[in-house]
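Okay, structure first, notes after.
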Amino acid sequence: MHIMEGFLPVKHAVGWSLATLPFMLLGLNAIKKQTTNKPELKMLLGVSAAFTFVLSALKIPSVTGSCSHPTGTALGAVLFGPLTMVPIGAIVLLFQTLLLAHGGLTTLGANIFSMAIMGPLVASLIYHLGKLVKLHLGVTIFLAASLADLLTYVTTSFQLALAFPDASGGFLTSFIKFSTLFALTQIPLAISEGFLTVIIFNMLNRYNSRELAALKIFEKKECLRQ
Amino acid sequence: MKIKRQQNLLMLSLVVLLTIIPLVIVKSPALKADGKEAELFTGADDKATLIIKELSPEYRPWFSPIMQPSSSEVASLLFSLQAAIGAGFIGYFFGSRAKGANTHVNANE
């Protein structure tokens, strides 16, 4: 999903980097606050980062005949809020950029924006909406993770369409072209990511219900239990 | 707890299915002009660069990666390393919590 190195015009590269900056600062601040107030949650934060590490390393074949990978950012966004995932997602992206030539330094800002800002924001939004309408927690987590994954790639398509509008059809035609590639490829992967996130949530619920309670995930003794 | 475990297994099997189905149903494309078989299941990112080239043929990437894995084998090594680090940490976490949590879970049941 990452935009390849050098494949964003300078103006766009700088623009997306600047747009990312405030979220990054807020995110660092959020992590600092969370780890000083509740140091016992550090390990859980590590698990959220590790989950993103694993999922974004898995290149999975899709029905369109292309491969892509999930993002894994929803878990941490639901547990710790969207801002916390900004620096964590950025670390994963930096790792892939420097060691794997996957993504790029010049496109890092844009990639952080789609994967580490938009994805977690969507996840968090869906999670709170689901809670509001008292949707089953498992279903809520599934939707939050799937849609965060999908919207990450829609954002990438948006960014590319903005930088490379179609000569005749303009932005929209270009957006359709990119999202046909990215978003369609991503649909089965997004569903997989939804399931995987619910699985790890079930496991956390089993082994770490106390920590989840500290994060107010299960209010009024609400459980994933059916 | 048993129901939950079955749920997890069911979801995991669905993930496996979702991964395998494309491998079975996607037919390999027609031969390319030079008679070579077109590659299937390449990265979506690479295909995006093809779209960019089609949309604005005059665009040239202005920066290239500082370090390229020297072959796809080396790249897959690094990708599996990334997954292993993550999975290792998650495994360690659950392993270290399993003992203490069991008493807690039992108290809940």
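What you are looking at is a predicted structure, and each value in this text was computed from that prediction instead of being measured. Here is the naming used below: chain letters follow the sequence lines, and residue numbers restart at 1 for every chain.
Of the inter-residue distances, the one linking B:Leu10 atom CG with A:Ile199 atom CD1 reads 9.0 Å to the nearest 0.5 angstrom. Atom-to-atom distance recorded for A:Ile200:CD1 and B:Ile90:CD1 is 4.0 Å, nearest 0.5 angstrom. If you take OG1 on B:Thr19 and CG on A:Leu189, they are separated by 7.5 Å, rounding to the nearest 0.5 Å. For the atom pair B:Ile52 CD1 and A:Phe164 CZ, the distance stands at 4.0 Å (nearest 0.5 Å).
Of the two parts of A:Glu193, neither the backbone nor the side chain holds a non-hydrogen atom closer than 4.5 Å to a non-hydrogen atom of chain B. The contact between A:Lys177 and chain B is made by backbone and side chain atoms together, counting heavy-atom distances below 4.5 Å. With a threshold of 4.5 angstrom between heavy atoms, A:Phe142 does not approach chain B through any atom at all. Both the backbone and the side chain of B:Ala87 come within contact range of chain A, each with at least one heavy atom under 4.5 Å from a heavy atom of that chain. Of the two parts of A:Leu181, only the side chain, counted from C-beta on, holds a non-hydrogen atom closer than 4.5 Å to a non-hydrogen atom of chain B. Proximity to chain A (any heavy atom under 4.5 Å) is shown, for B:Leu78, by both the backbone and the side chain. B:Ser56 touches chain A through its side chain: at least one heavy atom from C-beta onward sits under 4.5 Å away, while N, CA, C and O do not.
In this structure the side chain of B:Asp45 reaches within 4.5 angstrom of the side chain of A:His102, judged on heavy atoms. Counting heavy atoms from C-beta outward, A:Met43 and B:Tyr92 have side chains that approach closer than 4.5 Å. Contact check for A:Arg206 versus B:Arg97: no side-chain heavy atoms found under the 4.5 Å cut-off. Between A:Val54 and B:Phe89 there is no side-chain heavy-atom pair separated by less than 4.5 Å. A:Pro9 is listed as a side-chain neighbour of B:Tyr59, based on a closest heavy-atom distance under 4.5 Å. Within the 4.5 Å cutoff, no side-chain heavy atoms of A:Thr185 are placed close to those of B:Lys47. At least one side-chain heavy atom of A:Val92 sits less than 4.5 Å from a side-chain heavy atom of B:Gln82. Side-chain contact between B:Phe79 and A:Leu99 is absent, with no heavy atoms from C-beta onward closer than 4.5 Å.
The shortest heavy-atom contact between A:Phe53 and B:Gly86 is CB-CA, 4.2 Å. Residues A:Ser62 and B:Phe41 approach most closely at O-CE2, 3.3 Å, considering heavy atoms.
Contact tally against chain A (heavy-atom pairs below 4.5 Å) for B:Pro22, B:Ala75, B:Ala48: the top residue is B:Pro22. For the options A:Gly72, A:Ser66, A:Ala101, heavy-atom pairs under 4.5 Å to chain B are most numerous at A:Ser66. Of all the listed residues (A:Gly6, A:Ser157, A:Ser192), the one sharing the greatest number of non-hydrogen pairs under 4.5 Å with chain B is A:Gly6. With chain B as the partner, the residue from A:Val63, A:Thr107, A:Leu55, A:Leu58 showing the most heavy-atom pairs under 4.5 Å is A:Val63. Contact tally against chain B (heavy-atom pairs below 4.5 Å) for A:Pro188, A:Pro61, A:Gly103, A:Ala167: the top residue is A:Pro61. Counting heavy-atom pairs closer than 4.5 Å to chain B, the top-ranked of the candidates A:Leu100, A:Leu160, A:Thr106, A:Leu204 is A:Leu100. The choice from A:Ala49, A:Ala50, A:Cys67 that makes the most heavy-atom pairs within less than 4.5 Å of chain B is A:Cys67. Heavy-atom pairs under 4.5 Å with chain A peak, among B:Val74, B:Ile51, B:Val26, at B:Ile51.
Partner of A:Phe195 under the side chain to side chain contact (heavy atoms under 4.5 Å, CB included) criterion, chosen from B:Val15, B:Asn8, B:Leu12: B:Val15.
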B:Asp46/A:Met4 under side-chain contact (heavy atoms from CB on, under 4.5 Å): CA gap, chis, key distance, verdict: CA-CA 8 Å; B:Asp46 296 327; A:Met4 307 261 273; 3.2 Å; yes
